[in-house]
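The model shown is predicted, which means the values in this text are computed figures rather than measured ones. One is the number of the first residue; the rest follow in order along the sequence.
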Amino acid sequence: MSQDEPQPPPAGRRRTRLYALTDGRTAAEDSVLTMDTTITAATGADVDGGLPTEWQEILAMCAPPGGRAVAEIAARMNIRLTPMTLLLGELADRGLIHHRPPLAAAETTDMHLLMRIRDSLARI
């Protein structure tokens, strides 16, 4: 088997079809998630053994306090972005994850703060 071929799930672990995980939906009902939205699990991955394997993987991957971006979760799970946003929307609707939109540019580029940091470092 070459590296380019998708790897089958480990033995004893069955993947659920995407349409079953999303109940055949093509759009999230209440959640608007973009590829750079940060996802954090609201509960542990072991909250319910009855959850689909993919949901448990997402909860484990997004354990607090860090979380992960939607695009990173999709890449790590080898699922396309659109189905992943549907899966995450379902988890959000059920209260299993929290999501935070990316910071606006104004929130991440405070020039006065950066200048104070630079000046403080220069004094060290």
If you look only at distance, which donor and acceptor atoms sit under 3.5 Å apart when one is on a side chain in residues 60-71 and the other is two or more places apart or in another chain?
from	atom 1	to	atom 2	distance (Å)
R68	NE	M61	O	3.1
R68	NH1	E72	OE2	2.7

Rounded at 0.5 Å granularity, tell me how far [atom1] in [X] sits from [atom2] in [Y].
| X | Y | atom1 | atom2 | result |
| --- | --- | --- | --- | --- |
| I73 | E57 | CD1 | CD | 11.5 Å |
| L59 | L96 | CG | CG | 6.0 Å |
| T37 | R100 | OG1 | CZ | 9.0 Å |
| L86 | L81 | CG | CG | 10.0 Å |

**OP:** Can you see which heavy atom on Q56 is nearest to which on L51, and at what distance?
**Re:** NE2-O, 2.8 Å

**OP:** Over all heavy atoms of both residues, which pair between G95 and A42 is shortest? Give the atoms and the distance, please.
**Re:** O-CB, 3.5 Å

**OP:** Verify the distance criterion only: is there a donor paired with an acceptor across the side chains of T82 and T85 at less than 3.5 Å?
**Re:** no

Original post:
Of the options L33, I58, N78, which is the one that meets M84 in a side chain to side chain contact (heavy atoms under 4.5 Å, CB included)?
Top reply: I58

